[in-house]
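Notes follow the structure.
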Amino acid sequence: MSNTISSAYLPKIYSYNLEGQRVKVTLKNNPFYFSPETLYSLAARKNTKRGFLFVSKVLGKHVPNDPFVPLLAGAALAVQFLSRIHGVNHVDTKAIIKALKSNEDTEAVYETVINRPLVSLPVESLFIGFAETATGLGHAVFSLFDKACYMHTTREQIPLLASELNFNEDHSHAVNHRCYPWDSELLKTPKTIILVDDEITTGNTALNIIRAIHAKFPKTNYVVLSLLDWRTAENRANFKELEQQLNITILTTSLLEGEIAVSGDPVNEQTKHFKQAKRPDISESHVYPEVKLLDLDDLVPVFSEDSSGYKNVTPYLALTGRFGLSTSNHQKILPLARKIGEELRCDRIGEKTLCLGTGEFMYFPMLVSAYMGKGVSFHTTTRSPIYSFAKPEYGIQNGFSFANPDELTNTNYIYNVPFNYYDEVYVFFEREVSNERLTSMLNTFRELGIPRLVLVYGTSSKTSPL
């Protein structure tokens, strides 16, 4: 992939060539003067609706990170929200941005930020993170605020609860979003709704959830936060139109803002320009997983059901925010994650350890991983199908696919794991998974060339609500 840059001042233009498809980014607002390559790279996406993807380097999703980096990315978005929307400058803003740019002193800066008094907002506010990519980002933003609540949308079906909100993400390969607040007051009470996503392309997903919220729990104030904002003038006009239609205010802010223009043909299965990374010989590879059960006791006693009717009867964790989380409840999470992380640190046997969250289960594994010591990289499995090519500056160097243990008809992926690089991998599941539904994933881990595999379960089927 070749990149070009023009213009020394804003607007600045960046051109990316995905061997046939060309993406031009015109950068118009960059409040912290981030170099774009600090925040993202590009990759070709297996999606007829949009053939490319901005691959975040700070999100902890597709690219392995120092686990403190995605936590600080959330903090950066939080302080930008404070500055842009409320006119308040956070005392640690410069330190947060410097740590993200240099990838240095990340732990020290995060500890300073998280140990400050929480910021009080002028009105009761609910932060909502979008599944699956921004569940961790939304939680990390929310973690800096007092007297607020957090919830993330989900793609899962939970028969014992009625989804209070249903809306679509139009350009996604998995379009349906649901919201299952344990208490509907979570949506009724707040005066302001703050939506958090990693990227806004058209803004239609945000507009869809605002419509869904307003139809049942009308508000006057909405805020949309994102790492990247690529809306066109027409897209922005759609926000103004909805404001007028519903008599509401929608404010937006991001770390980078601009517009994108796409030309040429997207990469497809017949593209010959790229060379796929060579697969290793796994005929003699054997990985026998170890299992660690955290057996956490703050549970939501409901189960999920997949499209085949299979029920995973293991209860969910309350601490994820899927069912709603208050500031006071969140305050219990950090010491718990630190304790578990320090215990797993003693369990480690290697110098290079990969920690993987799974799907929507991002924030808590990220936080645990941060306290597992030096040499830890963190990211998360994903539903996003992306072409992997071993090319300089290309966002997805390699990829591995497997059947999602929670929904075997869905394919999940792990990206950017070098062959024979890590000494061990810890895979974090919110809930225990039956062995037979892990077969595809375990076969994939044979390909990774990692000699030790540890499965970490937050809850077990022993506490089943059925």
[X] vs [Y] side-chain heavy atoms within contact, under 4.5 Å:
X: Leu82; Y: Leu144; answer: no
X: Leu225; Y: Thr253; answer: yes
X: Lys219; Y: Pro190; answer: yes
X: Tyr394; Y: Tyr387; answer: yes
X: Glu107; Y: Lys374; answer: yes
X: Pro70; Y: Leu59; answer: no
X: Leu42; Y: Leu53; answer: no
X: Glu243; Y: Thr249; answer: yes

Atom [atom1] of residue position [X] - does it have more than 12 heavy atoms of other residues, nucleotides or ligands inside 6.0 Å?
X: Glu185; atom1: CD; answer: yes
X: Gln245; atom1: CD; answer: yes
X: Lys98; atom1: NZ; answer: no

Testing Thr153, Thr135, Thr154 for side-chain hydrogen bond (donor to acceptor under 3.5 Å, both in side chains) with Glu360, which one passes?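 When Thr153, Thr135, Thr154 are each tested with Glu360, the side-chain hydrogen bond (donor to acceptor under 3.5 Å, both in side chains) holds only for Thr154.
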[X] side-chain N/O to [Y] backbone N/O, donor-acceptor pair under 3.5 Å:
X: Asp423; Y: Glu351; answer: yes
X: Asn416; Y: Gly395; answer: yes
X: Lys101; Y: Ile96; answer: no
X: Glu430; Y: Leu317; answer: yes
X: Thr380; Y: Gly60; answer: yes

Residues [X] and [Y]: side-chain donor-acceptor under 3.5 angstrom:
X: Thr106; Y: Asp66; result: yes
X: Tyr222; Y: His214; result: yes
X: Thr353; Y: Glu424; result: yes

Between the side chains of [Y] and [X], is the shortest nitrogen-to-carboxylate-oxygen separation below 4.0 Å, so that they form an ion pair?
X: Arg431; Y: Glu156; answer: yes
X: Glu343; Y: Lys339; answer: yes
X: Arg236; Y: Asp229; answer: yes
X: Glu132; Y: Arg155; answer: no
X: Glu164; Y: Lys188; answer: no

Examine [X] together with [Y] and report whether their ring centres are nearer than 6.0 Å.
X: Tyr426; Y: Phe378; answer: no
X: Phe68; Y: Tyr371; answer: yes
X: Tyr415; Y: Tyr413; answer: yes

Positive for side-chain contact (heavy atoms from CB on, under 4.5 Å) with Thr192, one of Leu126, Leu251, Val223, Thr220: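 Testing Thr192 for a side-chain contact (heavy atoms from CB on, under 4.5 Å) against Leu126, Leu251, Val223, Thr220 leaves exactly one candidate, Val223.
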Residue pair [X] / [Y]: nearest heavy atoms and the distance that separates them:
X: Ala73; Y: Leu227; value: O-CD2, 4.3 Å
X: Tyr363; Y: Ser143; value: OH-CB, 3.9 Å
X: Glu257; Y: Ser254; value: CB-OG, 3.9 Å
X: Thr358; Y: Phe428; value: OG1-O, 2.7 Å
X: Phe34; Y: Leu256; value: O-CD2, 4.4 Å

With a distance cut-off below 6.0 Å to the six-membered ring centre and an angular limit of 45° from the axis, does Arg50 pair with Phe52 as a cation-pi contact?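 Relative to the ring axis of Phe52, which defines the angle, Arg50 lies inside both limits.
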Pi-cation contact, Tyr316 with Arg322 (under 6.0 Å, within 45°):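 So Arg322 doesn't make the cation-pi contact.
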Under the side chain to side chain donor-acceptor pair (under 3.5 Å) criterion, do Thr205 and Asn208 qualify, and how do the steps go? CA-CA 5 Å; Thr205 303; Asn208 287 344; 5.5 Å; no
Please report the C-alpha distance between Lys24 and Ile13 in whole Å, then the side-chain angles of each, then the deciding distance to 0.1 Å, and finally whether the side chain to side chain contact (heavy atoms under 4.5 Å, CB included) criterion is met. CA-CA 7 Å; Lys24 183 175 75 173; Ile13 298 173; 3.5 Å; yes
Parallel, tilted or perpendicular: ring planes of [X] versus [Y], cut at 30 and 60 degrees:
X: Phe142; Y: Tyr150; value: parallel
X: Phe81; Y: Phe127; value: perpendicular
X: Trp182; Y: Phe323; value: perpendicular

Take Ser41 and Glu393 through the test side chain to side chain donor-acceptor pair (under 3.5 Å) and record every step on the way to the result. CA-CA 7 Å; Ser41 57; Glu393 301 179 7; over 6 Å; no
